[in-house]
**Student:** 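Quick one: structure below, then a few questions.
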Amino acid sequence: MESEGSTTHSSYSLQPNRLCNEDILFCTDIDLESQVEMKVSGPKGRPITRLESIKQAILLFIHAKLAINPDHRFAFASLAQSASWHQKEFSNEVESAIAALRGLVAHSSHGHADLTQLFRIAAHEAKKSRSQNRILRVILIYCRSSVQPQFQWPTNQKLFTLDVIYLHDKPGPENCPQKVYDTLVDALEHVSEYEGYIYESGQGLSRVLFRLMCVLLSHPQQRCVQDDVDIPKSLTKKSTAAESMPGEENIPVSSQ
């Protein structure tokens, strides 16, 4: 930069920053509410549950993430009253992920959800990831409409990034999805090392879940704040081709 009337020069350089490979821990809610049926059915009209859609979305994420970088790795936990390991070893093998997801089942309602153990697991694994020049991310998929999760965690210990997808029913006498969502936001802000994202949907549509999962493909070290995320673009809001450039005429298009 050179100011007018001055010979003083100054330069600015941005130090290169290598993006770390990710260890991604999926934690899936296995409360009975994960068995709620989605609005769109599957082949031959077969009902599809939230849990089935979640498994499909996770596989979509894994395939896409490995296409970006085959050195990312994945492990799996489940959330009942507390979190526990489902597949402890981090792996970049798709077949291993398929086997792990196939074993996720939901049989009962737990009525209580404590995230503390999940954060303990993540903090322990994050230290191991750091020793290998990697970073850890937790993707929590939560499905309870009336149960606010609880957690206890020190505010000065942020070792991993937390993303959340919250699938819920509509508000009602027994449901309080807004309070649950607010609690999940508090948890995310409390523990995330980098910018964590949280998305919710009460529409019961698999395609919405898939779209939200694709947004989470973004690497935590490259993220903007969530309020500035403007993807994915809605096709219905895109300007039509009929909008002409200055000086051009609009040409009508026949519908026939």
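Everything numeric in this text was worked out from a predicted model, so none of it was measured.
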**Student:** Can you name the residues that form a side chain to side chain contact (heavy atoms under 4.5 Å, CB included) with N133, not counting sequence neighbours?
**Tutor:** none
**Student:** Is it true that V208 and I48 fall in one hydrophobic cluster, defined by side-chain heavy atoms closer than 4.5 Å?
**Tutor:** no
**Student:** Membership question, hydrophobic clusters at under 4.5 Å side-chain separation (ILVMFWY): are I54 and L25 in the same one?
**Tutor:** no
**Student:** From S108 OG over to Q81 CD, what is the distance, rounded to the nearest 0.5 angstrom?
**Tutor:** 8.5 Å
**Student:** Shortest non-hydrogen contact from H107 to V105?
**Tutor:** NE2-CG2, 3.7 Å
**Student:** Is there any side-chain hydrogen bond (donor to acceptor under 3.5 Å, both in side chains) pair reaching into residues 83-94, and which pairs are they, with sequence neighbours excluded?
**Tutor:** Q87-S96
**Student:** Does the pair I165 and L209 meet the rule for a side-chain contact (heavy atoms from CB on, under 4.5 Å), with working shown?
**Tutor:** CA-CA 8 Å; I165 290 181; L209 171 60; 3.9 Å; yes
**Student:** What heavy-atom pair brings I139 and R137 nearest, and what distance separates the two atoms?
**Tutor:** CD1-NH1, 3.9 Å
**Student:** Give the cluster check for L59 versus V40: same hydrophobic cluster or not, with ILVMFWY residues linked at side-chain heavy-atom distances below 4.5 Å.
**Tutor:** yes
**Student:** With sequence neighbours excluded, what pairs up with K65 under the side chain to side chain donor-acceptor pair (under 3.5 Å) test?
**Tutor:** E22
**Student:** Write down the atom of L60, the atom of C214, and the distance for their closest heavy-atom approach.
**Tutor:** CD2-SG, 3.9 Å
**Student:** If we check side-chain contact (heavy atoms from CB on, under 4.5 Å) with H110, which of these qualifies: D31, V147, D29, L79?
**Tutor:** D31
**Student:** Which residue in the set I62, V138, L101, L140 passes side-chain contact (heavy atoms from CB on, under 4.5 Å) when paired with F26?
**Tutor:** I62
**Student:** Mind checking what makes side chain to side chain donor-acceptor pair (under 3.5 Å) contact with S34, not counting sequence neighbours?
**Tutor:** none
**Student:** Can you list every pair that meets salt bridge (charged side-chain N to carboxylate O under 4.0 Å, His left out) and has a residue in residues 68-78, with sequence neighbours left out?
**Tutor:** D23-R73
**Student:** Name all residues meeting the side chain to side chain donor-acceptor pair (under 3.5 Å) criterion together with S192; count only those two or more places apart in sequence or in a different chain, and write none if there are none.
**Tutor:** none
**Student:** Return each pair, listed once, that meets salt bridge (charged side-chain N to carboxylate O under 4.0 Å, His left out) where at least one residue sits in residues 179-207; pairs must be two or more places apart or across chains.
**Tutor:** R130-E193
**Student:** Flag yes if L188 and V180 sit in one hydrophobic cluster, no otherwise; membership is Ile, Leu, Val, Met, Phe, Trp, Tyr, and two members link when side-chain heavy atoms are under 4.5 Å apart.
**Tutor:** yes
**Student:** Could you tell me which residues satisfy side chain to side chain contact (heavy atoms under 4.5 Å, CB included) with Q222, sequence neighbours excluded, listed by chain and number?
**Tutor:** L19, H219
**Student:** Would you please name every residue forming a side chain to side chain donor-acceptor pair (under 3.5 Å) with R102, sequence neighbours left out?
**Tutor:** none
**Student:** Can you spot which of S146, S145, C176 makes a side-chain contact (heavy atoms from CB on, under 4.5 Å) with H168?
**Tutor:** S145
**Student:** Pick one: which of I24, I141, I98, L104 meets side-chain contact (heavy atoms from CB on, under 4.5 Å) with I58?
**Tutor:** I141
**Student:** Where do F76 and A100 come nearest, in terms of heavy atoms and distance?
**Tutor:** CD1-CB, 3.6 Å
**Student:** When rounded to the nearest 0.5 angstrom, what is the spacing between CG in D163 and OG in S218?
**Tutor:** 7.0 Å
**Student:** What's the separation between atom CG in N175 and atom NZ in K170, rounded to the nearest 0.5 Å?
**Tutor:** 11.5 Å
**Student:** Using salt bridge (Lys or Arg N to Asp or Glu O under 4.0 Å) as the criterion, list what pairs up with D169, not counting sequence neighbours.
**Tutor:** R50
**Student:** So, for C20 and I135, which heavy atoms are closest and what is the spacing to 0.1 Å?
**Tutor:** CB-CG2, 3.8 Å
**Student:** Can you list, pair by pair, the side-chain donor-acceptor contacts under 3.5 Å of residues 111-125, counting residues two or more places apart and other chains?
**Tutor:**
{"unit_1": "D114", "atom_1": "OD1", "unit_2": "T116", "atom_2": "N", "d": "2.9"}
{"unit_1": "D114", "atom_1": "OD1", "unit_2": "T116", "atom_2": "OG1", "d": "2.7"}
{"unit_1": "T116", "atom_1": "OG1", "unit_2": "Q152", "atom_2": "N", "d": "2.9"}

**Student:** Any pair with a residue in residues 180-203 that passes ring pair (Phe, Tyr, Trp, His ring centres under 6.0 Å), sequence neighbours left out, goes on the list, sorted by first then second residue, please.
**Tutor:** F151-H190
**Student:** Give a yes or no on whether L212 and I198 share a hydrophobic cluster (residues Ile, Leu, Val, Met, Phe, Trp, Tyr; joining criterion: side-chain heavy atoms under 4.5 Å apart).
**Tutor:** no
**Student:** Testing the basics here: between G196 and T161, what is the closest heavy-atom pair and its distance to 0.1 Å?
**Tutor:** CA-CG2, 4.0 Å
